[in-house]
Colleague: 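Below you'll find the structure I mean.
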Amino acid sequence: MARIVITAMRFDPRIRSAANIRFSEAILPELDNLLFEVCSFDRENEPPGVQTMDWGVASCCREGVPDVIYDRGAVGKEPMIRVLGEDPVTVAQNILKLSNRITYAQL
């Protein structure tokens, strides 16, 4: 998580917090419904010799740091949704907004 925050801070120094939540395709439409700015990256496109999170987060932050960055994983890599924000309270509030929109039955 530290690598994600440090990389995001290169693009917006106000970003100081992030959290992982379990990936589910059912969550993606809800992120859009909540009007979160969302970006994803494909681990299959990762250039050799770079750290995945450095490359993936940087590729999503070129035009500003989104609220959410996700990837669908790869062989041996778990898919993950990352919620970013200026502080832990903002990140937690966004996760709570999302949790109010989904049910375990969808996951």
Side-chain angles (χ1 to χ4, degrees):
M1 290 311 302
R3 185 178 302 277
I4 293 166
V5 173
I6 290 168
T7 302
M9 285 175 58
R10 290 191 349 235
F11 297 89
D12 184 346
R14 296 173 300 166
I15 302 301
R16 299 293 179 132
S17 185
N20 282 337
I21 59 174
R22 185 177 66 143
F23 180 86
S24 169
E25 289 290 338
I27 292 175
L28 301 181
E30 294 304 330
L31 295 170
D32 288 333
N33 290 341
L34 287 165
L35 304 177
F36 288 149
E37 187 176 333
V38 179
C39 184
S40 67
F41 61 91
D42 185 346
R43 288 177 183 249
E44 299 294 325
N45 297 330
E46 180 181 336
V50 299
Q51 295 285 329
T52 301
M53 287 305 106
D54 291 342
W55 168 80
V57 171
S59 70
C60 284
C61 293
R62 300 202 192 292
E63 296 179 18
V65 178
D67 301 309
V68 175
I69 297 174
Y70 73 90
D71 73 273
R72 289 183 166 89
V75 175
K77 302 289 185 175
E78 184 179 2
M80 193 61 61
I81 297 172
R82 300 153 195 92
V83 181
L84 292 87
E86 293 183 12
D87 54 59
V89 172
T90 301
V91 171
Q93 287 173 337
N94 285 341
I95 292 171
L96 287 171
K97 287 177 194 174
L98 179 60
S99 73
N100 288 332
R101 300 291 296 261
I102 58 176
T103 64
Y104 290 110
Q106 291 178 307
L107 304 177

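Just so it is clear, the model here is predicted, and its values are computed rather than measured.
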Colleague: From Ile81 CD1 over to Ile27 CD1, what is the distance, rounded to the nearest 0.5 angstrom?
Modeller: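 It comes to 4.0 Å.
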
Colleague: Do Ile21 and Val38 sit in one hydrophobic cluster, given that two such residues count as connected whenever their side-chain heavy atoms are within less than 4.5 Å of each other, even indirectly?
Modeller: yes

Colleague: Can you confirm whether Glu63 is buried at CD, in the sense that more than 12 heavy atoms of other residues, nucleotides or ligands lie under 6.0 Å from that atom?
Modeller: no

Colleague: Got a salt bridge between Glu78 and Arg22, using NZ or NE/NH1/NH2 to carboxylate O under 4.0 Å?
Modeller: no

Colleague: From Cys60 SG over to Leu84 CG, what is the distance, rounded to the nearest 0.5 angstrom?
Modeller: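 Rounded to the nearest 0.5 Å, the SG-CG separation comes out at 9.5 Å.
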
Colleague: Going by the rule side chain to side chain contact (heavy atoms under 4.5 Å, CB included), which residues pair with Asn94 if we only count those two or more places apart in sequence or in a different chain?
Modeller: Phe36, Val83, Thr90, Lys97

Colleague: List, one per line, each side-chain donor-acceptor pair under 3.5 Å for residues 4-16, sequence neighbours excluded.
Modeller:
unit_1: Thr7; atom_1: OG1; unit_2: Arg3; atom_2: O; d: 2.9
unit_1: Thr7; atom_1: OG1; unit_2: Asp54; atom_2: OD1; d: 3.1
unit_1: Asp12; atom_1: OD1; unit_2: Arg14; atom_2: N; d: 3.0
unit_1: Asp12; atom_1: OD1; unit_2: Arg14; atom_2: NE; d: 3.0
unit_1: Asp12; atom_1: OD2; unit_2: Arg14; atom_2: NH2; d: 2.8
unit_1: Arg16; atom_1: NE; unit_2: Pro13; atom_2: O; d: 3.0

Colleague: About how many Å separate CG of Leu34 and CG of Leu98, when rounded to the nearest 0.5 Å?
Modeller: 6.0 Å

Colleague: On a heavy-atom basis, which atom in Arg72 and which in Leu28 lie closest, and how many Å separate them?
Modeller: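 Nearest pair, atom of Arg72 first, then Leu28: NH2-CD1, 3.3 Å.
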
Colleague: Can you sort out the partners of Gln93 under side chain to side chain contact (heavy atoms under 4.5 Å, CB included), two or more places apart, ordered by chain and number?
Modeller: Val89

Colleague: Which residues pass the side chain to side chain contact (heavy atoms under 4.5 Å, CB included) test with Val75, not counting sequence neighbours?
Modeller: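 Checked Val75 against side chain to side chain contact (heavy atoms under 4.5 Å, CB included); zero matches.
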
Colleague: I would like to know whether Met53 and Met1 meet side chain to side chain contact (heavy atoms under 4.5 Å, CB included); could you show each step before the answer?
Modeller: CA-CA 9 Å; Met53 287 305 106; Met1 290 311 302; over 6 Å; no

Colleague: Could you give the distance from OH (Tyr70) to CG (Leu31), rounded to the nearest 0.5 Å?
Modeller: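 With rounding to 0.5 Å, OH (Tyr70) is 8.5 Å from CG (Leu31).
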
Colleague: Starting at CZ of Arg101, measure out to CG of Asn33 and round the result to the nearest 0.5 Å.
Modeller: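 It comes to 5.0 Å.
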
Colleague: Please report the closest heavy-atom contact between Pro66 and Cys39, naming both atoms and the distance.
Modeller: CG-CB, 3.9 Å

Colleague: Would you mind writing out the side-chain donor-acceptor pairs for residues 41-50 within the sub-3.5 Å range, not counting sequence neighbours?
Modeller:
unit_1: Asp42; atom_1: OD1; unit_2: Glu44; atom_2: N; d: 2.9
unit_1: Arg43; atom_1: NE; unit_2: Asp71; atom_2: OD2; d: 2.6
unit_1: Glu46; atom_1: OE1; unit_2: Thr52; atom_2: OG1; d: 2.7
unit_1: Glu46; atom_1: OE2; unit_2: Thr52; atom_2: OG1; d: 3.1

Colleague: Indicate the atoms forming the closest heavy-atom contact of Ala26 with Pro29, along with that distance.
Modeller: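 In terms of heavy atoms, the two residues are closest at O-CD, 3.4 Å.
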
Colleague: Which pairs, with at least one residue in residues 77-101 and sequence neighbours excluded, count as a ring-ring contact (aromatic ring centres under 6.0 Å, His included)?
Modeller: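 Found none.
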
